[in-house]
Amino acid sequence: MTMYPDAVTVTAHALHVPAPAEAPAGSAAAATARALFDGVAPEPACAADQTHTVLGRKGLLFKEDSTRLALCAVHRAFGLPPGKLTEPLPAAEHTAVVVSSNLGNVQTVRDIAVGMRAGSAHDVSPLNGPNASSNVIASTLAIRYGFTGPNLMVCSGATSGLDAVRLGALLLRGERARRVVVVGVEPGDDTARALAALHPDATAAPLRPAAACVVLETGGDGPRLGDVRRHPRPDEVAEDPTASTALRLTAPGAAVRGGIDLTAYLGEVYGALGVVQLAAAAAWLSAGQRREPGGALITCGDGEDGYASVRLDPANNPVLAGAR
């Protein structure tokens, strides 16, 4: 197998999307997306109120839905047995965490604001107060699994998932970490759904709870990550002419020929989409489901926030991904 010592690779990945929506009747796009998703995520994912079946009950008190789903995605990515760890993961001290979520804690912020307006700050539980910080997801992951590297939260709109991936790769190339855990997650509570529906480019599908995790390292033997690129307009997303593409994962409104839009089946997953797409592509490449040679082109974003794209190529592809 060909190795690329300086390449950023996806060495582990997991999808945790509870109860995906059924494909709408007569929708070819939804049927195609469902076939792909079922192929890369055959194991059912529990809902936020059942995450104790994966994580154990200890340590979940006052944890928000988005935090619980993110914990499950990381737990699955590392192939851990059910229950809470009794010691940090190996190499945890050199592991960074980057999380993408635009609406992860908005329900808590609303509840705290309503409670303080009706009473006072004394009515806010000290156990719930930390959840008012959007970084609570990333910090909880670091505390639970013992990750002591840089800890970042990204809330940059529809491109947030791939923005988090770009930052993770930057941490590796800058030697700030030896391993980066990148997570994309969104909740499905009423407040988050109401806010998502206000977005100028909001789809008809409501926001759905979803989480995904990819683990990035340099020099591994997993699929190789190219450079994340930003595009103001969808027609600027172009394939690398020097690399063959077997899978194209796109977003609503992105003009990617032959692209599969996972949200046609899953529904809107907003800031989680880029990481969901990357985890799905990594699983697809690793499982050898390609019918033709080539890697994957991933695109997320919308008309309001712009678009981002990245290539992911199999480890044995002789063409370097995302050639600079």
Side-chain angles (χ1 to χ4, degrees), residues 15-25 27 29-30 33-34 37 41 44-51 60 62-73 99-115 117 128 131-138 140 153-164 183-213 250-254 261-277 279-280 300-305:
L15 291 156
H16 192 88
V17 184
E22 292 295 328
S27 170
R34 179 173 187 171
F37 190 83
C46 61
D49 61 354
Q50 295 296 314
T51 52
L60 296 183
F62 277 95
K63 293 294 185 288
E64 299 178 305
D65 287 0
S66 53
T67 299
R68 291 174 176 234
L69 295 175
L71 286 166
C72 285
V99 175
S100 165
S101 183
N102 296 311
L103 302 167
N105 70 328
V106 293
Q107 181 72 55
T108 294
V109 172
R110 178 190 178 279
D111 291 346
I112 289 177
V114 169
R117 180 177 295 177
N128 200 31
N131 291 330
S133 167
S134 61
N135 194 57
V136 68
I137 305 171
T140 299
M153 188 75 196
V154 184
C155 313
S156 55
T159 63
S160 185
L162 289 187
D163 291 340
V183 174
V185 62
E186 293 289 9
D189 57 74
D190 292 341
T191 302
R193 287 188 174 188
L195 287 174
L198 296 176
H199 193 281
D201 270 29
T203 64
L207 184 72
R208 295 193 61 81
C213 172
T250 187
D261 177 12
L262 290 178
T263 67
Y265 168 53
L266 299 178
E268 176 63 71
V269 293
Y270 201 19
L273 180 59
V275 186
V276 167
Q277 291 171 316
C300 70
D302 59 28
E304 178 73 12
D305 300 325

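Predicted model only: the values in this text are computed from it and were never measured. This chain uses plain numbering: 1 for the first residue, then up along the sequence.
Contact between Arg208 and Pro18 at its shortest, heavy atoms only, is NH2-O, 3.7 Å. Among all heavy-atom pairs drawn from Thr159 and Gly301, the shortest one is CG2-CA, 3.9 Å. Between Val275 and Gly161, the shortest heavy-atom contact is CG2-O, 3.7 Å. Of all heavy-atom pairs spanning Ala251 and Gln277, the tightest one is N-NE2, 4.4 Å. In this structure, Ser156 and Asn102 approach most closely via the heavy-atom pair N-OD1, 3.3 Å. Pro252 and Thr263 get closest at one heavy-atom pair: CG-OG1, 3.5 Å.
Annotation: the span from Leu262 atom CG to Arg34 atom CZ amounts to 13.5 Å, rounded to 0.5 Å. In this structure, CG on Leu266 lies 8.5 Å from CG on Leu273, to the nearest 0.5 angstrom. If you take CG on Asn131 and CD on Gln107, they are separated by 11.5 Å, rounding to the nearest 0.5 Å.
Residues passing the side chain to side chain contact (heavy atoms under 4.5 Å, CB included) test with Ala158, sequence neighbours excluded: Tyr270, Asp302, Asp305. Residues passing the salt bridge (charged side-chain N to carboxylate O under 4.0 Å, His left out) test with Asp163, sequence neighbours excluded: Arg230. Among residues two or more places apart in sequence or in another chain, the side chain to side chain donor-acceptor pair (under 3.5 Å) test is passed with Glu186 by Ser101. Take Asp190 and apply the side chain to side chain donor-acceptor pair (under 3.5 Å) test, not counting sequence neighbours, and it matches no residue. Partners of Ala279 under the side chain to side chain contact (heavy atoms under 4.5 Å, CB included) rule, at least two apart in sequence or in another chain, are His13, Leu15, Ala212, Val214. Scored by the side chain to side chain contact (heavy atoms under 4.5 Å, CB included) test, Ser134 finds Asn105, Met153, Cys155 as partners (sequence neighbours excluded). Residues meeting the side chain to side chain contact (heavy atoms under 4.5 Å, CB included) test with Ser133, sequence neighbours left out: Asn135. For Thr51, there are no side chain to side chain donor-acceptor pair (under 3.5 Å) partners at least two apart in sequence or on another chain.
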Let me have the donor-acceptor pairs involving side chains of residues 64-73, under 3.5 Å, with sequence neighbours excluded, atom names and distances please.
from  : atom 1 : to     : atom 2 : distance (Å)
Glu64 : OE2    : Thr108 : OG1    : 2.2
Ser66 : OG     : Gly104 : O      : 2.8
Arg68 : NE     : Lys63  : O      : 3.1
Arg68 : NH2    : Leu60  : O      : 2.9

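Between Arg110 and Val106 there is no side-chain heavy-atom pair separated by less than 4.5 Å. Leu103 is listed as a side-chain neighbour of Leu207, based on a closest heavy-atom distance under 4.5 Å.
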